[in-house]
Colleague: 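The structure follows.
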Amino acid sequence: MEPIAKSYEPKEVERKWYDYWEREHLFRADPTSSKPAYAIVIPPPNVTGTLHMGHALNNTLQDILCRFKRMTGFNVLWQPGTDHAGIATQNVVEKDLAARGTDRHAVGREAFIERVWEWRSKYGGLILNQLKRLGCSCDWSRERFTMDEGLSRAVKEVFVRLYEEGLVYRGDYIINWCPRCHTALADLEVEHHEKESRLYHIRYPFESGAGHLVVATTRPETLLGDTAVAVNPEDARYAALGDRNVLLPVLNKPIPIIFDTYVDTEFGTGALKITPAHDPNDFEIGNTHQLERVKVIDENGMMNEMAGPYQGMDRFECREKIVQDLETLNLLEKIEPYQNAIGHCYRCKTMIEPLLSKQWFVRTAPLAQKAGEAVKSGKTRIYPANWEGVYFEWMDNIRDWCVSRQIWWGHRIPAWYCRACGEVHVAKQALQACTRCGDEDLIQETDVLDTWFSSALWPFSTLGWPDETAELKTFYPTAALVTGFDILFFWVARMMMMGIHFMGEIPFRDVYIHALVRDAEGKKMSKSKGNVIDPLEVMDQYGTDAFRFTLAALAAQGRDIKLSEDRILGYRHFVNKLWNAARFALMNMDTAGTEPAAAPPATLADRWILTRVAAVSEAVRQAIDTYQFNEAADLCYQFVWHEVCDWYLEMAKRHLYGKDPLHKQATAATIQTVLEASLKLLHPFMPFVTEEIWQRMPNTEGSIMTAPFPGAADFPSDDAALTEMDILMGVITGIRNIRGEMNIPPSKNVSVVVDASQKTHREILNRNMDPVRVLAKVDQASVGERVPKPDGSATVVFEQISVHVLLKGLIDFAEEKKRIKKGIQKLEKEWGTAGKKLANHGFLQKAPPEIVREVREKAETLSARLSKMKENLSLLEEIDA
RNA sequence: AGGCGGGUAGCUCAGUGGGAGAGCAUCGGCCUUACAAGCCGGGGGUCACGGGUUCAAAUCCCGUUCCGCCUACCA
């Protein structure tokens, strides 16, 4: 292996180790393993997709979980794959056709679908390769696609079974129609945007006699399809109307006035025009009153033959014209500005047209009830828990799911119609003949299923269902699902419903909902806003490990992530820090040898760092297990940088550079232990750099991926070392503080006199004066009891220890007095609050005893420190005087 | 309209009953043989505002305000 470079260069390293992991089959799951199973199914990215920040975060978190679980002894399956993304993919290929001057209708259905498959085989793997760059440890040998043979079989099976159970039906309903995509959309696929709009007050003349009824509407063009006007039976204004008719303006068609409590007397004029074929509420009212349904707008958003003189006009054009005509007829009372939320297609942003149409639906209520219960009972837990409320809200108010789509790319609905008798057959395969009339002329339904129908089966369809496979047995239910909240309803809720219904068991035990990645201003990243940060560019610039670590460190629960490049830069520095720590360690292991020393590590630093690594390992395990990725990342960061590098390695240098071979070896062995542990702790976050270093280390075997994750039991813990080290750090920091404030250059050594009133403190310091000398740049040092403050010294007080730094000729008395006064002020404030508490009877009586004891001890320490500092101050003042 | 989340240092954010923290930025000192992508030290906060509960509140409750998001069939 080539000599270790001064700074970490991610590019080649990343490719090298990813290839190695794949070559060694380290991502492979084993359905026959005796280890406990841990499975995650990937939220399948669209085949049309390219990696964006959302994917990067989502998959980084999953990879952290998978790598962590492998290292803690689980048989891990991370199931990868892609989604066929019906409308999105069809749009892409259609755009391509348009560029060639043709369209799908000219090409024909079969040839078109063939083209989509071609497109998919050419570009569909793009995002998966990008996931590999991110380091994702998916079991690629099990890659699935929602349209592949096995999954298509599962889709058919589910559809047919639901139909047989009466949970799938076909019927005439108002659906959301996208006139551009030419398909029905589920309620969820409609985005509502607040729009400046107008409320038109239109006069509907009475059929008989004079006068009119004024109706308020935002959509005057739909009046052509009105089949009634409704008022509230409680509304005194209209009580006398009886069963009169009004005349539909322009068309002069008589329509009845009906009474329905749905009508809000407060809104508009209290009279509501009813258009059952073009409004979901009107449709419902039309049903109860058995009104005729008159469709006046067609699938292209154009007025049809029922629209009389307006036939052939676009719906918006018609609106303008009809308003003009109403004005001419003196039937327009007024126009008010109005704001309302209007539905748009989530794919193409075209305004939705509610349209009466024959569609396939899934009856969701019975499925939703069980899916709700599974979370209520805690069988599936949602993290963070506040999403449970959102989940319940949706499950409790669920409406039937319109699953048919009038597009070509997708699972064609397995239903056949008999041309002769009209019988509908739902079956897994085409029938030879109609079972009712025996006719052989059967035609298959042309609609396909909503993309989310197949995604809803993902946790079991990918494992081989409906066959009873070893995979299903081992990995279902899966352990965790990691996803963004934006698809909580689209996907998570539906997987719950389908999983429980068909597997008889929840699809996953935990659902972890992570944040959305926004730009540095907190705006949603979008191409149109131009504020998109491309994860691939970030990886190029900063390295994948730094990027992944940033995402993890920012992934606090319950808050969106504002991604700023500063943070990524900061964590790149951390990667480099780790790299250099390893470089240092490796250089010294070379010279010290790597066999564990004969004598156990005896220095305070060794005992301390091993105790710390034990505690940190445990804390990191806990944090990852509870999805606190930011906590885990931060623990690693603080530990590696500020404990291992800043303190331990600095203290270890003395032995490494010293002449005692035994100490040298013991220290090298501890460094090896601590470095190995650090690498393993960081591996789930930074897979590449940790593997690179791991492979360079002596005495490591195989990949770090298969190394056991550190735990508390792996290291000797020694609580005394923690308190001793606290003392030592306090003294060193104190001296450094004085040096800094007094502007003593690092090249200049100082002498110190330590006055410690406690015997244990004196012992600790006497045993560890060498590290103090090195780390605080001290030449002469002595420790004593009740040592008088030397002339020309600056003093820092820590616990009950005074450290006098001799600064003959260097000291600026005014500065020193200022410094001490500042310190006294700070302490007095703290002492004040502690004293207040202790003077409070309520506190002494009601606070837990250990808290009271803590405060009391603190007050004592503070007061001892304070008196020492004041003593110092008065000494200084004497000298000054 | 309803619901949810947020307001903590200049910036980005942790912290959810007992010591206000991190990273970046900033200021001062350092080319100390792992690392200047570094080392040492300093400064900086009325924890949005008002009330309440509690011995004790950034943390729990109520209200106000600002920001963001989600859901919704008042035309």
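Residue numbers start from 1 in every chain, and the chains themselves are labelled A, B, ... in the order their sequence lines are given, proteins ahead of strands.
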Colleague: Does A:Y512 have its ring centroid less than 6.0 Å away from the ring centroid of A:F629?
Modeller: yes
Colleague: Touch check for A:V263, heavy atoms < 4.0 angstrom, all strands: base, sugar-phosphate only, or nothing?
Modeller: base
Colleague: Specify the residue among A:L554 and A:N743 whose closest nucleotide of RNA chain B lies further upstream toward the 5′ end.
Modeller: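 Final value for this comparison: A:L554.
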Colleague: May I ask you to evaluate whether A:K822 reaches the phosphate of B:G43, defined as a side-chain N or O under 4.0 Å from OP1 or OP2?
Modeller: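 So the side-chain polar atoms of A:K822 do come within 4.0 Å of the phosphate oxygens OP1 or OP2 of B:G43, strictly under.
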Colleague: Where the side chain of A:R654 meets the backbone of A:D770, is there a donor-acceptor pair that is under 3.5 Å apart?
Modeller: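 Not a single qualifying donor-acceptor pair exists.
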Colleague: Identify the heavy atoms of A:V296 and A:H278 that sit nearest to each other, and give their distance.
Modeller: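 For A:V296 versus A:H278, the nearest heavy atoms are N-NE2, 2.9 Å.
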Colleague: If you only use heavy atoms from C-beta on, which nucleotide in B:G18, B:G23, B:C73 is closest to the side chain of A:A847?
Modeller: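 Of the candidates, B:G18 comes closest.
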Colleague: If you take atom types as modelled and just measure distance, does the side chain of A:Y262 reach the base of B:C73 with a donor-acceptor pair under 3.5 Å?
Modeller: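 Answer is yes: a donor-acceptor pair is held.
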Colleague: Which nucleotide in the set B:C73, B:A75, B:C55 lies at the smallest distance from any side-chain heavy atom of A:N840?
Modeller: B:C55
Colleague: Would you tell me whether A:E189 and A:Y346 have side-chain atoms, one donor and one acceptor, within less than 3.5 Å of each other?
Modeller: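 The criterion, which ignores hydrogens and geometry beyond distance, is satisfied for A:Y346 and A:E189.
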Colleague: Give, ordered by number, those residues of residues 854-865 of chain A having at least one heavy-atom distance below 4.0 Å to an atom of RNA chain B; if nothing qualifies, reply none.
Modeller: A:K858
Colleague: Looking at the side chain of A:N340, which of B:A75, B:C55, B:A72 is the nearest nucleotide?
Modeller: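 Out of B:A75, B:C55, B:A72, the nucleotide with an atom closest to A:N340's side chain is B:A75.
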Colleague: Roughly how many Å is it from CD in A:Q845 to P in B:U54, rounded to a whole number?
Modeller: 15 Å
Colleague: If pairs are Watson-Crick or G-U with both distances under 3.5 Å, what is the dot-bracket string of RNA chain B, marking crossing pairs with [ ] and pairs to another strand with |?
Modeller: ((((((((.[[[[.)..(..]]]].(((((.......))))).....[[[[[..)....]]]]])))))))....
Colleague: What integer number of Å spans the C1' atoms of B:U65 and B:G29?
Modeller: 46 Å
Colleague: Please classify the nucleic acid contact of A:P848 as base, sugar-phosphate, or nothing, using heavy-atom distances under 4.0 Å.
Modeller: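 Base, at least one base heavy atom under 4.0 Å.
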Colleague: Would you call the rings of A:W394 and A:F489 parallel, tilted or perpendicular, where under 30° means parallel and over 60° means perpendicular?
Modeller: parallel
Colleague: Under 4.0 Å, heavy atoms only, any strand: does A:E741 hit a base, just the sugar-phosphate, or nothing?
Modeller: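 If one applies the 4.0 Å heavy-atom cut-off, A:E741 turns out to touch the sugar-phosphate alone, with no base involved.
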Colleague: Do the side-chain N and O atoms of A:N232 and A:T265 include a donor-acceptor pair separated by under 3.5 angstrom?
Modeller: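 Judged by distance alone, the side chains do not pair up.
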Colleague: Using 30° and 60° as the class boundaries, would you call the ring planes of A:F574 and A:F549 parallel, tilted or perpendicular?
Modeller: tilted
Colleague: Verify whether one side chain among A:R198 and A:N340 offers a donor that lies under 3.5 Å from an acceptor in the other.
Modeller: no
Colleague: Hey, is the side chain of A:R399 poking within less than 4.0 Å of OP1 or OP2 on B:C73, counting only N and O atoms?
Modeller: yes
Colleague: Using the side-chain hydrogen bond (donor to acceptor under 3.5 Å, both in side chains) rule, pick out the option among A:E353, A:K273, A:R319 that qualifies with A:T222.
Modeller: A:K273
Colleague: Which nucleotide sits closest to the side chain of A:N386: B:A14, B:A75, B:C4?
Modeller: B:C4
Colleague: Within the structure shown, what part of the strands sits under 4.0 Å from A:Y338 by heavy-atom distance: base, sugar-phosphate, or nothing?
Modeller: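 Sugar-phosphate: the residue A:Y338, judged by heavy atoms under 4.0 Å, touches backbone atoms but no base.
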Colleague: Is the centre of the A:F547 ring less than 6.0 Å from the centre of the A:Y542 ring?
Modeller: no
Colleague: Would you give a per-nucleotide map of nucleotides 34-40 of chain B, 5' to 3', where B means the base has a protein non-hydrogen atom under 4.0 Å away, S means only the sugar-phosphate does, and - means neither?
Modeller: BBSBSSS
Colleague: Before accepting this row, confirm whether a basic side-chain N of the pair A:E333/A:R203 lies closer than 4.0 Å to the acidic partner's carboxylate O.
Modeller: yes
Colleague: Would you kindly compare A:L199 and A:I851 by the position of their nearest RNA chain B nucleotide and give the one closer to the 5′ end?
Modeller: A:I851
